[in-house]
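Only heavy atoms go into these numbers, but all of them, side chains included; no hydrogens, no water, no symmetry mates.
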Amino acid sequence: MSDYYASFSMPENTDYFTLRGSLQPEIRTQSLLIRAQDDSQPTMGHTFVAHQTYSSRETHHHRRNGDISTNSAEYLKNGRPAMETFRHGDFPPLNLPIRAHPDCSPVDKQAIYQLTIAKFDSANATAIQKYDALKTRLELLVPDAELQVRTATANMDNLRRNIYAFSQVRVTDADNRVLDLGNGPNLPADVVNNSVYIRFTLTFQPQQTKLPPNLGVTAATFPPAISRQVYVEVLRDGNGLHPSITYDMLTNQARHKRLLEEYDTESFPFTLLAPYRARETPDATTYKNWFSERLAEVMYAALKQAGRSYIGRMDGLQSLANRLRLITMEEWDRDLRTPTYLSVEELYHSFSVHLQEVNMDSPPTDLPNLAQLFFNALTPELQEQLVDKIPQPPIGTDTFTNNMARLNVMKRAAEDEERNVKRFATIARSSRHLATTEASTEECQHTFLAHGNPPPPPSNIEQRSEQHTNKRKKGHYEQHGSLTNKSIPDFHIKNQDNTTEESPPKKAATFRMASYSGPSARTL
């Protein structure tokens with residue numbers, strides 16, 4: 001790629017964009033107002049630095065932040081996903097892996113996707129923000145993911161579905177005091193005349209959702225059940241409780257949802273209310289905000305599942321155990337063309353990228369001892385210190401949870417030894433630096449005689465005599481021109497406390513006599 005430099009002088013009102021060539025290069029200008037030779041017409045001088053941004057012979061692609069990459073050298077660095085900054089609306093900025101094209105290796109895409117999800121899960125944001133940001137991140141990679149989510153969460157706000165349960169129904173008055181329902185079968189007059197709200201505990205159970213088997217989303221990964229106390233205005237008839245609201249509906253949990261049918265029959269809205277704080281009047285907005293966040297949690301969980309189709313089929317690829325065996329602390333840096341070493345934390349992260357694909361509902365049973373694999377990936381120096389600290393699996397049946405626990409124990413032990421190695425290396429470097437500094441300082445400060453002893457300090461008389469001599473020499477230089485390649489003598493400076501210090505040596509100075517027509521035109 002070449003640059004073109006050109007300078008033009010033209011009238012002030014000239015349109016410099018007309019000077020662009022056929023390639024339409026980007027032009028940066030710097031203007032300077034000058035005058036013509038005849039001093040009559042002011043002109044505007046423009047200096048153009050035109051950078052050719054493309055050429056018919058060279059089509060090198062420069063990836064921008066956020067673009068999808070097809071080059072493994074861009075989306076991988078030292079065998080791990082390369083990172084970039086992701087920003088979306090009010091969602092906090094995240095350092096996310098560069099997105100690889102769907103046609104790239106499934107192993108690379110899996111590492112990128114798993115790390116992306118881990119970053120989103122740990123983000124300090126609401127479920128609504130996470131869902132919206134992740135949907136934006138995946139929309140070009142998995143276009144059908146949003147449709148799958150909408151299908152999985154359709155009509156999830158319908159209280160008649162089996163994902164909702166009513167319990168602990170109470171009737172309260174205007175002051176939120178619970179009214180006694182009596183022993184039945186009829187309701188007391190106090191309840192009929194003074195009831196204002198029906199209060200109950202609403203339980204939302206998204207994992208009970210029935211989904212099509214081929215949707216690519218399972219309800220087992222949805223958030224667990226959650227409950228909240230809610231209110232609904234009582235169905236009234238004139239000045240009292242409607243007679244269709246019976247004692248059995250309010251006391252029998254199996255018949256609590258019959259309240260919905262009676263409200264529909266009387267065309268009275270069954271609007272759920274919730275107080276923002278305790279003892280406050282319940283309102284519909286508070287419940288709506290609460291439920292929107294719960295629904296967003298379900299949609300976010302569904303989107304994470306739907307997005308896994310981006311990884312593609314893993315058939316024919318190396319098993320998880322074989323891929324873990326290939327991980328080492330020593331890696332080759334393609335940019336520096338030299339071996340580099342991961343830290344213990346980075347090595348653990350390399351293991352985690354692959355272990356995140358494990359399904360906790362049905363984890364593998366033939367996975368080798370992860371602590372031993374982690375030990376094998378360490379450098380020989382760390383292995384020598386940790387050879388007796390490898391946690392061993394129990395005799396008999398082992399679980400994936402225990403295997404991960406042993407891996408974490410091995411990681412902590414390796415981090416301790418890594419800190420020791422760094423501390424010893426720092427002490428060694430400091431010692432070498434101190435020894436070198438002291439030797440250099442001693443060499444600079446002392447000029448030894450033949451027998452190795454430093455010269456005695458000069459007396460005050462010697463100092464004044466040498467200062468006087470130096471002043472005379474300096475005046476001689478000023479009066480008689482230049483002395484080429486002559487060193488300026490050292491000066492001894494007398495401090496306020498009558499002690500003396502020697503000025504640092506100065507380099508040779510050269511004085512030049514300027515041409516002059518008389519003695520008064522002398523210039524140093």
Peer 1: Check whether any side-chain heavy atom of Met404 sits under 4.5 Å from a side-chain heavy atom of Phe400, and report yes or no.
Peer 2: yes

Peer 1: Using a strict 4.0 Å threshold on nitrogen-to-oxygen distance, state whether Arg412 and Glu415 make a salt bridge.
Peer 2: no

Peer 1: For residues Leu250 and Leu187, determine if any side-chain heavy atom of one lies less than 4.5 Å from a side-chain heavy atom of the other.
Peer 2: yes

Peer 1: For Gln114 and Arg308, what are the C-alpha separation, side-chain angles and deciding distance, and is it a side chain to side chain contact (heavy atoms under 4.5 Å, CB included)?
Peer 2: CA-CA 9 Å; Gln114 296 289 0; Arg308 290 191 62 85; 2.7 Å; yes

Peer 1: About how many Å separate CZ of Arg323 and CG of Leu373, when rounded to the nearest 0.5 Å?
Peer 2: 13.0 Å

Peer 1: I'd like to check Leu147 versus Thr151 (side-chain heavy atoms, cut-off strictly below 4.5 Å). Are they in contact?
Peer 2: yes

Peer 1: Report yes if the side chains of Leu367 and Leu370 come closer than 4.5 Å at any heavy-atom pair, otherwise no.
Peer 2: yes

Peer 1: Do you see a donor-acceptor pair shorter than 3.5 Å between the side chains of Asp90 and Gln129?
Peer 2: yes

Peer 1: Between the side chain of Gln385 and the main-chain N/O of Leu382, is any donor-acceptor distance below 3.5 Å?
Peer 2: no

Peer 1: Show your reasoning for whether side chain to side chain contact (heavy atoms under 4.5 Å, CB included) applies to Leu202 and Phe200.
Peer 2: CA-CA 6 Å; Leu202 176 69; Phe200 61 94; 4.2 Å; yes

Peer 1: As an exercise, state the distance from NZ of Lys109 to OH of Tyr75, rounded to the nearest 0.5 Å.
Peer 2: 9.0 Å

Peer 1: Counting heavy atoms not belonging to Arg419, are there more than 12 under 6.0 Å from its CZ?
Peer 2: yes

Peer 1: Measuring only between side-chain heavy atoms, which start at C-beta, is Tyr287 closer than 4.5 Å to Pro282?
Peer 2: no

Peer 1: Side chain to side chain donor-acceptor pair (under 3.5 Å) between Gln305 and Thr221: does it pass, once the steps are laid out?
Peer 2: CA-CA 8 Å; Gln305 289 189 76; Thr221 61; 2.2 Å; yes

Peer 1: Working to the nearest 0.5 angstrom, can you tell me the gap between Glu266 CD and Arg236 CZ?
Peer 2: 14.0 Å

Peer 1: Without hydrogens or angle criteria, can the side chains of Asn403 and Arg406 be said to hold a donor-acceptor pair below 3.5 Å?
Peer 2: yes

Peer 1: Describe, in one word, how the ring planes of Tyr310 and Tyr113 are oriented to each other, choosing from parallel (under 30°), tilted (30 to 60°) and perpendicular (over 60°).
Peer 2: tilted

Peer 1: If every non-hydrogen atom of Ile327 is compared with every non-hydrogen atom of Ala377, which pair is closest and at what distance?
Peer 2: O-CB, 3.2 Å

Peer 1: Around atom CG of Asn183, are there more than 12 heavy atoms of other residues, nucleotides or ligands at under 6.0 Å?
Peer 2: no

Peer 1: Locate the shortest heavy-atom distance separating Ala165 from Gln205; write the atom from each residue and the value.
Peer 2: CB-NE2, 4.0 Å

Peer 1: Return the minimal non-hydrogen interatomic distance between Leu324 and Leu355, and the atom names on each side.
Peer 2: CD1-CD2, 3.9 Å

Peer 1: Test Lys135 against Glu139 for salt bridge (charged side-chain N to carboxylate O under 4.0 Å, His left out), laying out the working first.
Peer 2: CA-CA 6 Å; Lys135 179 184 68 175; Glu139 61 184 357; over 6 Å; no

Peer 1: With the side chain counted from C-beta on, respond yes when His349 and Leu115 share a heavy-atom pair under 4.5 Å apart, and no when they do not.
Peer 2: yes

Peer 1: Going by atom types only, do Asn158 and Tyr164 share a side-chain donor-acceptor pair under 3.5 Å?
Peer 2: no

Peer 1: Scan side-chain atoms only and decide if Asn289 and Ser292 contain a donor-acceptor pair under the 3.5 Å cut-off.
Peer 2: no

Peer 1: Before you tell me yes or no, could you show the steps for Thr172 and Leu179 under side chain to side chain contact (heavy atoms under 4.5 Å, CB included), namely the whole-Å CA-CA distance, both residues' side-chain angles and the distance that decides it to 0.1 Å?
Peer 2: CA-CA 6 Å; Thr172 64; Leu179 302 177; 5.9 Å; no

Peer 1: Is Thr153 reaching over with its side chain to a backbone N or O of Met156, donor-acceptor style, under 3.5 angstrom?
Peer 2: no

Peer 1: Aromatic rings Tyr263 and Phe270: how do their planes relate, parallel, tilted or perpendicular, breaks at 30° and 60°?
Peer 2: perpendicular

Peer 1: If I compare all heavy atoms of Ala284 with all of Leu273, which pair ends up nearest, and what's the gap?
Peer 2: N-CD2, 3.5 Å

Peer 1: Report the distance from atom OG1 of Thr285 to atom OH of Tyr276, rounding to the nearest 0.5 Å.
Peer 2: 12.0 Å

Peer 1: I need the single residue from Arg64, Arg137, Lys77 that forms a salt bridge (charged side-chain N to carboxylate O under 4.0 Å, His left out) with Glu84. Which is it?
Peer 2: Arg137

Peer 1: Are Thr379 and Glu330 packed together at the side-chain level, in the sense that at least one heavy-atom pair is separated by less than 4.5 angstrom?
Peer 2: no

Peer 1: Counting only heavy atoms from other residues, nucleotides and ligands, does the tally under 6.0 Å from NZ of Lys288 exceed 12?
Peer 2: no

Peer 1: Between Phe120 and Leu134, which heavy-atom pair has the shortest distance, and what is it?
Peer 2: CE2-N, 3.6 Å

Peer 1: Are Tyr131 and Tyr300 an aromatic pair by the rule of ring centers under 6.0 Å?
Peer 2: no

Peer 1: If only atom types and distance count, is the side chain of Asn65 paired as donor or acceptor with the main-chain N or O of Thr85 below 3.5 Å?
Peer 2: yes

Peer 1: Side-chain donor-acceptor pairs under 3.5 Å in residues 223-234, sequence neighbours left out?
Peer 2:
residue : atom : partner : partner atom : Å
Ser227  : OG   : Thr203  : OG1          : 2.9
Arg228  : NH2  : Pro275  : O            : 3.1
Tyr231  : OH   : Asn176  : OD1          : 3.2
Tyr231  : OH   : Asn176  : ND2          : 3.3

Peer 1: Looking just at side-chain N and O atoms, do Gln253 and Ser167 make a donor-acceptor pair shorter than 3.5 Å?
Peer 2: no

Peer 1: Any donor and acceptor pair, going by atom type alone, linking the side chain of Asn193 with main-chain N or O of Ala189 inside 3.5 Å?
Peer 2: yes

Peer 1: Hey, mind stepping through Ile117 and Asp121 against side chain to side chain contact (heavy atoms under 4.5 Å, CB included) and telling me if it holds?
Peer 2: CA-CA 6 Å; Ile117 296 303; Asp121 287 343; 3.6 Å; yes

Peer 1: Give me the atom names and distance for the closest heavy-atom approach of Asn124 to Pro92.
Peer 2: O-CG, 3.7 Å

Peer 1: Would you find a donor on one side and an acceptor on the other, under 3.5 Å apart, between the side chain of Glu74 and the backbone of Ser69?
Peer 2: no

Peer 1: Check this for me: does any side-chain nitrogen of one of Asp416 and Lys389 sit under 4.0 Å from a carboxylate oxygen of the other?
Peer 2: no

Peer 1: Under the 6.0 Å and 45° cation-pi test, does Lys257 pair with Phe166?
Peer 2: yes

Peer 1: Kindly say whether Pro391 contributes a backbone atom to a donor-acceptor pair with the side chain of Asn369 at under 3.5 angstrom?
Peer 2: yes

Peer 1: Is it the case that Asn376 and Gln372 place a side-chain donor and acceptor less than 3.5 Å from each other?
Peer 2: yes

Peer 1: Evaluate the ring planes of Phe86 and His88, with Trp represented by its six-membered ring, and classify them as parallel (under 30°), tilted (30 to 60°) or perpendicular (over 60°).
Peer 2: parallel

Peer 1: As an exercise, state the distance from CG of Leu386 to CG of Leu378, rounded to the nearest 0.5 Å.
Peer 2: 6.5 Å

Peer 1: Once rounded to the nearest 0.5 Å, what's the spacing between atom CG of Asp237 and atom NE2 of His242?
Peer 2: 4.5 Å

Peer 1: Please determine whether a side-chain nitrogen of the Lys or Arg among Glu381 and Lys422 lies less than 4.0 Å from a carboxylate oxygen of the Asp or Glu.
Peer 2: no

Peer 1: So, are Asp67 and Arg99 salt-bridged, with charged N and O less than 4.0 Å apart?
Peer 2: no

Peer 1: Below 4.5 Å, heavy atoms only, C-beta onward: do Ile198 and Val169 meet side chain to side chain?
Peer 2: yes

